[in-house]
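Letters A, B, ... are given to chains in the order of the sequence lines, protein chains preceding strands, and every chain is numbered from 1.
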Amino acid sequence: MDAPSHSELLAIRRQKLDALVAAGVDPFGRGFETDGPVADVRAKFAEGATLRLAGRITAHRDMGKSQFLDLSDATGRMQIFLHAKEIGDEAFHVFKQIDLGDFLGVEGEAFITKTGEPTVRVKRFEVLAKSLRPLPDKWHGVQDTEIKYRQRYLDLIANPESREVFQKRIAIVRAIRRFLEERGFIEVETPMMQAIAGGAAAAPFQTHHNALGMDLFLRIAPELYLKRLLVGGFPKIFELNRNFRNEGISRRHNPEFTMLEAYWAFADFEKMADLVEEMVCHLAETICGGLLLEHRDAEGNVTKTINLARPWRRARYADLVEAAVPSWAALSPDARRAKCAELHLDISHCVADYEVTQHVFEKLVEEKTMDPLYVTHCPKELVPLAKQNAADPSVVDVYELVINGQEISPGYSELNDPIVQRQRLEEQSGGETQKIDHDFLDALEYGMPPAGGIGIGIDRLVMMLTGAESIRDVLFFPHMKPRAD
RNA sequence: GGGUUGGUAGCUCAAUGGUAGAGCAGUACCCUUUUAAGGUAUUGGUUCUGGGUUCGAGUCCCAGCCAACCCA
């Protein structure tokens with residue numbers, strides 16, 4: 001329910017709407033030919049040229065008979081000038097019904113004002129859409145995080161810095177596709193609704209197919225279907241799309257998130273690491289202005305610096321833990337727990353010994369690592385779908401890429417032994433065989449080529465590359481609880 | 001799930017327990033090159049919701065809703 005004064009502001013705009021209709025003007029106009037988005041029109045700007053552009057009115061400077069307005073879209077802003085005597089009384093009366101936020105299409109002559117501002121002198125204009133609600137403050141923009149996230153369109157209209165983050169995200173996603181395609185990878189689509197939610201350990205969202213009378217799950221990962229395509233003979237594939245996990249929401253988690261998975265037959269995890277390193281540097285250099293990324297706070301102070309300079313450091317998991325806590329490897333499981341208490345690390349949720357070590361790794365290595373680090377030779381318990389190392393079967397041939405204190409990308413030498421894979425999945429399912437994707441295991445038995453595989457969480461990658469501190473700042477429409485009425 | 005902080009005009013923000021205010025936006029008027037235009041006047045409030053304490057609550061207490069941050 002709107003507060004009374006809000007209704008008053010709305011009522012005034014409705015009155016202007018009625019006045020437009022009374023003057024024979026359609027307040028919600030039709031198609032309008034332009035010379036392109038506002039930025040393109042600005043690029044074509046030449047004094048004396050006739051220009052046509054359309055956009056939303058974002059500023060109005062009323063000088064009486066002279067009117068200056070800013071016409072904007074997501075690409076830019078252009079000043080337009082309008083004079084009562086030049087357009088005539090009838091048109092000026094229509095113009096008087098225009099508010100900030102309305103969409104206008106204009107045609108006019110390009111000129112430069114005496115303050116040097118490129119401007120379009122309006123000869124004709126059309127009302128393209130009346131805005132019936134007032135826009136956010138033009139100077140402060142939208143500060144309220146709830147409005148930013150719930151009404152993203154207002155954030156995009158009012159906050160240029162938000163718009164820039166999303167434009168970078170769009171550019172990053174496009175560049176990833178191009179990068180992989182140029183290297184012979186093809187993009188494929190696999191089911192988002194799966195009878196068994198496999199490929200990761202996470203709680204799925206459940207739904208129901210009426211006609212088939214069966215439950216389905218939204219996928220938590222596309223992995224098992226992409227591997228079927230390796231079996232089917234596609235050697236270089238990727239999928240860049242949404243996954244769904246029915247878990248908590250936080251600064252780093254949204255129930256649906258975007259994941260890139262890529263598989264390369266006859267490659268291994270080290271080759272995949274080279275590929276990811278090259279790709280992320282390519283993104284930083286072409287979209288984010290270079291390999292040195294600076295994250296800033298609201299005041300513009302640098303809070304964090306990430307240096308992507310190659311080659312990226314590679315180190316074994318055990319060596320990293322050992323460097324963080326000397327003699328860790330020599331300690332017994334009980335001594336390790338005692339050591340954690342000494343270091344004020346809460347390991348109450350850890351059951352197995354490898355979980356204690358993993359907690360030490362997360363707190364003392366991962367969270368403190370800003371520059372890229374490939375963590376290799378991880379314990380096999382952490383990664384059930386990867387190949388065991390030939391020399392040391394207690395570890396697997398994988399990397400975990402850490403940047404910005406977060407895991408950005410895992411890469412595996414994929415397990416293609418169907419017998420070992422079956423054992424691993426059976427152990428993981430804890431005896432609940434209905435949770436095992438038997439068709440996937442059958443597929444492996446037909447033969448899957450050895451392959452390198454990667455996953456990259458696109459939202460976290462964009463956070464790292466743009467300096468966003470919350471995943472909500474890189475998602476157009478982050479998940480929110482409904483607001484009570 | 002636990003803790004901390006916040007929710008006041010359309011937006012951005014003020015307000016020792018004592019008459020709810022400002023800037024912008026809006027409205028009216030002045031102004032023929034302004035650009036956060038300027039000037040004069042002016043409208044606009046269930047202070048998130050529901051209880052309680054008090055002579056008196058935006059402010060203190062309790063419960064709830066929503067959000068941000070931290071922890072798990």
Review point. Do the ring planes of A:His60 and A:Phe95 sit parallel (below 30°), tilted (30 to 60°) or perpendicular (above 60°)?
Key: perpendicular
Point to revise | Face-on cation placement of A:Arg52 at A:Phe32 ring, 6.0 Å and 45° thresholds | key: yes
Study note, to complete from the structure: Assert: residue with more 5' nearest nucleotide on RNA chain B, out of A:Thr145 and A:Ile112, is A:Ile112
Review point. Taking atom C1' in both B:U34 and B:G38, what distance in whole Å separates the two?
Key: 10 Å
Practice item. To the nearest Å, give me how far apart CG (A:Asp137) and P (B:A22) are. Key: 16 Å
Review point. B:C24 P sits how many Å from A:Arg61 CZ, rounded?
Key: 16 Å
Study note, to complete from the structure: Partner of B:C60 under the Watson-Crick or G-U wobble criteria, both distances under 3.5 Å, comes out as B:G52
Review point. Reckon A:Gln79 touches a base, only the sugar-phosphate, or nothing at all at heavy-atom distances under 4.0 Å?
Key: base
Check your understanding: Within the structure shown, what part of the strands sits under 4.0 Å from A:Arg150 by heavy-atom distance: base, sugar-phosphate, or nothing?
Key -> sugar-phosphate
Review point. Do A:Val375 and A:Val402 have side-chain heavy atoms sitting under 4.5 Å apart?
Key: yes
Exercise for review: Would you classify A:Lys481 as touching base, sugar-phosphate or nothing, given that sugar-phosphate means primed atoms plus P, OP1 and OP2, and contacts are heavy atoms under 4.0 Å?
Suggested key: sugar-phosphate
Check your understanding: Is the A:Phe68 to A:Phe81 ring centre distance short of 6.0 Å?
Key -> yes
Check your understanding: What distance, rounded to whole Å, do you find between the two C1' atoms, one in B:C66 and one in B:G50?
Key -> 15 Å
Review point. When all nucleic acid strands are considered with a 4.0 Å heavy-atom cut-off, which category describes A:Arg121: base, sugar-phosphate, or nothing?
Key: base
Check your understanding: So, do A:Phe217 and A:Phe205 have ring centers that fall under 6.0 Å from each other?
Key -> no
Exercise for review: Check every strand shown and say whether A:Lys16 touches a base, only sugar-phosphate, or nothing at a heavy-atom separation below 4.0 Å.
Suggested key: sugar-phosphate
Check your understanding: If you measure from the C1' atom in B:C11 to the same atom in B:G1, how many Å do you get, rounded?
Key -> 35 Å
**Study point:** Side chain of A:Asp99 (C-beta onward), nearest among B:U33, B:U27, B:C66
**Key:** B:U27
Review point. Is the cationic atom of A:Arg152 (NZ for Lys, CZ for Arg) positioned less than 6.0 Å from the six-membered ring centroid of A:Phe477 and within 45 degrees of its normal?
Key: no
Point to revise | Spacing of the C1' atoms in B:U43 and B:G52 (rounded, Å) | key: 36 Å
Revision key, fill the gap. Pairing partner of B:G1, by Watson-Crick or G-U wobble and under 3.5 Å for both distances, is B:C71
Point to revise | Pairwise C1' distance, B:A25 and B:U4 [rounded to whole Å] | key: 34 Å
Practice item. Could you check whether A:Asp62 gets within reach of a base, just the sugar-phosphate, or nothing at all, counting any heavy atom under 4.0 Å? Key: base
Study note, to complete from the structure: When both distances are under 3.5 Å in a Watson-Crick or G-U wobble arrangement, the nucleotide paired with B:U40 is B:A28
Review point. With a 4.0 Å cut-off on heavy atoms, is A:Gly141 in touch with a base, just the backbone sugar-phosphate, or nothing at all?
Key: sugar-phosphate
Check your understanding: Nearest to the side chain of A:Phe111 - B:C66, B:C11, B:U33?
Key -> B:U33
Check your understanding: Among B:A72, B:U34, B:C11, which is the nearest nucleotide to the side chain of A:Thr113?
Key -> B:U34
Check your understanding: Roughly how far apart, to the nearest Å, are B:G45 and B:G26 at atom C1'?
Key -> 16 Å
Check your understanding: Side chain of A:Asp102, backbone of A:Lys130: donor and acceptor closer than 3.5 Å?
Key -> no
Practice item. Assign A:Leu154 to base, sugar-phosphate, or nothing according to its heavy-atom contacts below 4.0 angstrom with the strands shown. Key: nothing
Check your understanding: What interatomic distance, in whole Å, is found between P of B:U8 and the corresponding atom of B:C13?
Key -> 10 Å
Revision key, fill the gap. Which of B:G10, B:U32, B:C66 is nearest the side chain of A:Pro134? It is B:G10
Check your understanding: When you match A:Leu100 and A:His359 each to their closest nucleotide on RNA chain B, which lands nearer the 5' end?
Key -> A:Leu100
Point to revise | Base paired to B:A15 (Watson-Crick or G-U; both N/O distances under 3.5 angstrom) | key: none
